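For ligands, and for the atoms within them, numbers begin at 1 and follow the listed sequence. Predicted model, so just to flag it, every value in this text is computed and none were measured.
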Amino acid sequence: MENFNHSVGRYAPSPSGVMHLGNLASCLLAWLDIRKLGGRLIFRMEDLDPDRSRAEYAESIASALSALGLDWDEGYPDSGYSQRERTPLYEDIFEILLRRGMLYPCYCSRSRRLAHGEKCRCRELSPMQRQDLYRQGRKCAWKIKVPDKRISFTDGHYGSFTENIADSGDLIIRRSDGVFAYQLAVSFDDMDMGVDRVVRGRDILPSTARQIWLISELGGKAPEYCHAPLLITGGDRKLSKRFGDLGTDKLLERYSPEELIGYLGALLGISDGASVRASDLIDDFDWSRVIKNDILIE
Ligand code: GLU
């Protein structure tokens, strides 16, 4: 019988490199989570960053997922599922937030923004000061005013969190080159696509409360979140595409999909390490079995 109340999950990779073992771990968990629930999985391409996103990486991520039996029900490569294509929708949201007085221009340079201890004062600029900077032709990013507000949520893997979202600061939602930022796109897309289960690496846990708030400001209902442990290399560095760490395409030249899933399953605590198909892990999948600590890959 058709299940009309199905859950909706998503893969949301950024095609800024080939998929590495850490991304794959999150995708495997997202897949198991939604398959166990009998839901639908959307594959959205988070390709907003024009400097780093490439079509060939998107293809290689999709082919690695397919080779490993991690299928999806809608999305890539169909149109409407890449964030670059969805930009007109973000324009509309941007206008709405602007009209509601929730946005302000930020003139800090990227280096200043990243500099430790430098506080951005752009939120306090007077209309006159803003006009001066505008007249000088200074480029600005756009930030959203995050209010003094406590948000509580329960992560399906890491438990309960309560935080005052103002403590983590205002969010950049549009870069100075006009490109929309991840925080706006991800919040809007999860809401717009009816996603109600988000499984992703726990590096994004610190942004979650602000995304929940942003979704509610946009009139939506936030999904449930389950964050996944990260795979790290010696020195506590997160595996990264930038460093070319453990690309799944290269691993698939050396190992069978079953060997790779078995290995990853053992790292995550959900299988005994023997070769296995992803589909064989669905029945016993339970978040209580997934380890919580980050996983050191030697
Ligand atoms: N696009 C992000 C990444 O590849 C994931 C964002 C998310 O899952 O919210 O790291």
Contact atoms of ligand 1, heavy-atom distance to [X] under 4.0 Å:
X    : result
R10  : 7 (C), 8 (O), 9 (O)
E46  : 1 (N), 2 (C), 5 (C), 6 (C)
Y182 : 6 (C), 7 (C), 9 (O)
I204 : 5 (C), 6 (C), 7 (C), 9 (O)
V186 : 9 (O)

Problem set entry | ligand 1 contact by Q211, heavy-atom criterion under 4.0 angstrom | no
Tell me whether [X] is salt-bridged to [Y], with the criterion being a basic N under 4.0 Å from an acidic carboxylate O.
X    : Y    : value
R277 : D280 : yes
D170 : K145 : no
R52  : D47  : no
R175 : D49  : yes

Exercise. Is S14 touching ligand 1 with its side chain, its backbone, both, or neither, if touching means heavy atoms under 4.0 Å apart?
Worked result: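 Both of them.
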Exercise. So which bit of V198 gets within less than 4.0 Å of ligand 1, heavy atoms only: side chain, backbone, both or neither?
Worked result: neither
Problem set entry | Modelled atom types, side-chain donor and acceptor of R138 and S176, under 3.5 Å |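 Side-chain D/A pair, R138 to S176: absent.
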Exercise. Between S126 and Q129, is a side chain to side chain donor-acceptor pair (under 3.5 Å) present by the stated rule, with each step listed?
Worked result: CA-CA 5 Å; S126 67; Q129 287 169 311; 3.3 Å; yes
